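Source: prediction; values computed, not measured.
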Amino acid sequence: MARHLITSALPYINGIKHLGNMVGSMLPADVYSRYLRQRGHDVLYICATDEHGTPAELAAKEQGLPVAEFCAQAHDAQKAVYDGFQLAFDYFGRSSSPENREITQHFARKLHENGFIEERAIRQVYSPADGRFLPDRYVEGTCPHCGYDKARGDQCENCTRVLDPTDLINPRSAISGSTDLEVRETKHLFLLQSKLENEVREWVARHDRDWPQLASSIAHKWLTEGLHDRAITRDLDWGVPVPADTWPELAAEGKVFYVWFDAPIEYIGATKEWADQDPDNRDWQSWWYDADETVRYTEFMAKDNVPFHTVMFPATELGVREPWKKVDYVKAFNWLTYYGGKFSTSQKRGVFTDQALDILPADYWRYFLIANAPESDDSSFTWEHFTATVNKDLADTLGNFVNRVLSFSKKRFGEEVPAGGEPGEAEARLGTEIARLLGEYEEHMEALQFRKAAAALRALWSAGNSYLEEKAPWLQIKTDKDAAALTLRTAMNLIHLYAVVSEPLIPSTAKAMREAFSLADDTATWVTAEEAKALASVPAGTPFTVPPVLFAKLTDEDLATYKERFGGEEG
């Protein structure tokens, strides 16, 4: 089987993420990883918190904590939420790790040796009151375009215009509030992307037929506009330091690498963190170094991260002139909106992942988000849509089927799977249909088409309900007990099949369905077409139990409560 390296965009350290962030990277990566593992592939799913940059320092300042302590606490808080969502990372690291520092500095030295990093003098805002140069987000002021008085030096959150700190009207220090600011000359390192543009263009062109249109079009847009040389250092206290053996003057000034330079390298750094935990049995270089023929690398991210992963990071890897693994497939997502408006971490607009888990178990959210993943275009979260999906798909179609079958069989036949007669024409038709739908589900999962995969899974569940309605064991038992037993045995085999193939989307529920049957040797990781047709993995005489209700239906009162708490108006 193939070796699959999977990464999802690194969640930034300053705060718990919202549902849009979850569905735009980590959750689909987890679903895909789980599916590949079940199919027997060797999978390594790597992620980490992105901990450097001005927002981390500012957030730490707001909480009155040293930035290292703030990041350590925030990492643990985020990891707890992701554990709650049952994201099965092989490793969830930290971009502030020694491993990432080591590899980032190695990349910088190699780029310098190869003529792709240059030291340049630039003019930058300096605050005498703070005794330091102020990176973009350390400068606040009034936006010259819309008049918003809390615009940052990199972007106005109100009108979304990209800014430079020197563009702001009445600028002030975000540290001290001082308006006594100057513009002074200082030196920074620049990545000479212009010298690598042709190589990046050729590399992107080789993936045109493979990548989804969203990822490819964004990469080409950046290339059409031309790659500009980019400053890759900042004046910050927190970050990967510029190595003194290569740039002694800048190192003495305390320069650190720009977060967007070291963050993608953390994919490699986190893999080394993973390997360093068990060096005798884990080889991080086999996944990243000279691994083009042995590893398939898939990245998951929202569209705002695509330029950095399809252009800037590949430029970095190409410029190093070493055989580092580059991405094979970029799965990009559009936005999940909240009633048509943007989720906003800073404005606390929408549902955040910790809040979601406070309301309902993870499987409710996992299924809804994947079934409505913003793949071809933006999709909107509304409480009305969420409630309807939970009730129709999870409670009525899957949960009710499981409960009806097991409860009725226990009542009429006891706590073992009944025998009944031999399968007939209805069971043969059902097996053929289940095998066909399973094939569709596999096809969509292989193609990373998550909405279609969820629809195919829902169709598998619906097929069981249609069979149950056709056979009507509650009527059969009045005239033909063996026929009713056959129907229930077949339905129980469907439940076991659902448990196996639903695991990527709803792992807790899948576990509960599987554990309902006391099978002596239940080691199946997937279901073949032949097994789907036979529906015989749970033989007569197998003890079973009726699990608690899998999915509770949401009421009008629930809907009103959610809307009152989180809001529910068109944005």
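Without hydrogens or angle criteria, Lys325 side chain to Ser286 main chain gives no donor-acceptor distance under 3.5 Å. Side-chain N or O atoms of Ser173 include one that pairs as donor or acceptor with a backbone N or O of Ile175 at under 3.5 Å. For Glu51 (side chain) and Ala56 (main-chain N/O), no donor-acceptor pair under 3.5 Å exists by modelled atom type. When atom types are taken as modelled, the side chain of Asp149 and the backbone of Thr142 share no donor-acceptor pair closer than 3.5 angstrom. Using modelled atom types, no side-chain atom of His41 and backbone atom of Val43 make a donor-acceptor pair closer than 3.5 Å. Not one N or O on the side chain of Thr271 forms a donor-acceptor pair closer than 3.5 Å with the backbone of Trp284. Looking only at distances, no side-chain donor or acceptor of Thr246 sits under 3.5 Å from a matching main-chain atom of Arg109. At least one donor-acceptor pair closer than 3.5 Å links the side chain of Asn114 to the backbone N or O of Lys110. A donor-acceptor contact shorter than 3.5 Å links the side chain of Tyr441 to the backbone of Val501. A donor-acceptor pair is defined here as one N or O able to donate and one able to accept, closer than 3.5 Å; such a pair exists between the side chain of Arg366 and the backbone of Pro504.
With contacts defined as side-chain heavy-atom distances shorter than 4.5 Å, the pair Ile117/Leu192 does not qualify. The closest side-chain heavy-atom distance from Gln105 to Pro241 is below 4.5 Å. Within the 4.5 Å cutoff, no side-chain heavy atoms of Leu134 are placed close to those of Gln124. Contact of the Gln277 side chain with the Tyr91 side chain is registered, since non-hydrogen atoms from C-beta on lie closer than 4.5 Å. Side-chain contact between Arg34 and Gln86 is present, with at least one heavy-atom pair separated by less than 4.5 Å. Side-chain contact between Lys331 and Gln449: present, with at least one pair of heavy atoms (C-beta onward) separated by less than 4.5 Å. Side chains of Phe190 and Ile122 form a contact here, defined as non-hydrogen atoms less than 4.5 Å apart. Looking at Glu375 and Leu448, their side chains never come closer than 4.5 Å, going by heavy atoms from C-beta outward.
The distance between the ring centers of His309 and Tyr267 falls below 6.0 angstrom. Aromatic ring centres of Tyr32 and Tyr45 lie farther apart than the 6.0 Å criterion allows.
The nearest pair of heavy atoms linking Glu266 to Ala48 is OE2-CB, 3.3 Å. Considering every non-hydrogen atom in both Arg137 and Ala174, the closest pair reads O-CB, 3.8 Å. Scanning all heavy atoms of the two residues, the minimum distance from Val311 to Ala219 falls at CG2-O, 4.0 Å. Contact record, Ile169 with Pro144: CD1-CA, 3.9 Å, taken as the closest heavy-atom pair. The two residues Ala332 and Val306 come nearest to each other via the heavy atoms CB-CG2, 3.6 Å. Residues Arg94 and Ala68 come closest through the heavy atom pair NH2-O, 4.1 Å.
Separating the CD1 atom in Ile46 from the OG atom in Ser8 is a distance of 10.0 Å, to the nearest 0.5 Å. Between the CZ atom in Arg172 and the OG atom in Ser127 there is a gap of 13.0 Å [rounded to 0.5 Å]. Note: Cys47 SG to Met26 CE = 6.0 Å, rounded to the nearest 0.5 Å. In this structure, the separation between CD on Glu118 and NE2 on His112 is 10.5 Å, given to the nearest 0.5 Å. Interatomic distance, CZ of Phe300 versus CZ of Phe333, reported as 6.5 Å (0.5 Å rounding). In this structure, OG1 on Thr233 lies 8.5 Å from CD on Glu119, to the nearest 0.5 angstrom.
Remark: of the listed residues Leu168, Asp136, Val139, Leu168 is the sole one forming a side-chain contact (heavy atoms from CB on, under 4.5 Å) with Leu163. Just one of Trp288, Trp287, Tyr329 meets the side-chain contact (heavy atoms from CB on, under 4.5 Å) condition when paired with Tyr297; it is Trp288. When each of Glu442, Gln38, Glu503 is tested with Trp526 by the rule side-chain hydrogen bond (donor to acceptor under 3.5 Å, both in side chains), just one qualifies, namely Glu442.
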* To do: Could you check Leu227 against Leu196 for side chain to side chain contact (heavy atoms under 4.5 Å, CB included), going step by step and ending with a plain yes or no?
  => CA-CA 8 Å; Leu227 296 192; Leu196 291 159; 5.8 Å; no

* To do: Please report the C-alpha distance between Leu336 and Leu19 in whole Å, then the side-chain angles of each, then the deciding distance to 0.1 Å, and finally whether the side chain to side chain contact (heavy atoms under 4.5 Å, CB included) criterion is met.
  => CA-CA 8 Å; Leu336 177 71; Leu19 293 181; 4.2 Å; yes

* Check the pair Arg120 / Asp229 against side chain to side chain contact (heavy atoms under 4.5 Å, CB included), numbers first and verdict last. => CA-CA 11 Å; Arg120 294 180 181 177; Asp229 300 338; 2.7 Å; yes

* Is there a side chain to side chain contact (heavy atoms under 4.5 Å, CB included) between Ser96 and Trp238 once you walk through the steps? -> CA-CA 9 Å; Ser96 60; Trp238 177 244; 3.7 Å; yes

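Aromatic ring pairs are classed by plane angle as parallel below 30°, tilted from 30° to 60° and perpendicular above 60°; the pair His18 and Phe343 is parallel.
Using modelled atom types, one finds no donor on one side chain facing an acceptor on the other under 3.5 Å when comparing Thr49 with Gln78. A donor-acceptor pair shorter than 3.5 Å can be found between the side chains of Glu446 and Tyr35. Looking at Asp208 and His220, their side chains do bring a donor and an acceptor atom within 3.5 Å of each other.
Counting non-hydrogen atoms of neighbouring residues, nucleotides and ligands closer than 6.0 angstrom, the CZ atom of Arg101 reaches no more than 12 such neighbours. Atom NZ of Lys326 sits in a crowded spot, with more than 12 heavy atoms from other residues, nucleotides or ligands closer than 6.0 Å.
By the 4.0 Å N-to-carboxylate-O rule, Arg37 lies close enough to Asp90 to be salt-bridged with it. In this structure, Lys221 pairs ionically with Glu225, as a charged nitrogen and a carboxylate oxygen lie closer than 4.0 Å. Ionic pairing of Asp154 and Arg152 is present here: one or more N-O contacts between side-chain nitrogen and carboxylate oxygen are shorter than 4.0 angstrom.
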Side chains of residues 255-264: which donor-acceptor pairs under 3.5 Å do they make with residues two or more places apart or in other chains?
residue	atom	partner	partner atom	Å
Lys255	NZ	Thr186	OG1	2.8
Lys255	NZ	Lys187	O	3.2
Lys255	NZ	Asp235	OD1	2.6
Lys255	NZ	Asp235	OD2	3.4
Asp262	OD1	His52	ND1	3.2
Asp262	OD1	Asn100	ND2	3.3
Asp262	OD2	His52	ND1	3.4

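Pairs passing the salt bridge (Lys or Arg N to Asp or Glu O under 4.0 Å) check and including a residue from residues 294-311, sequence neighbours excluded, read Lys303-Asp378.
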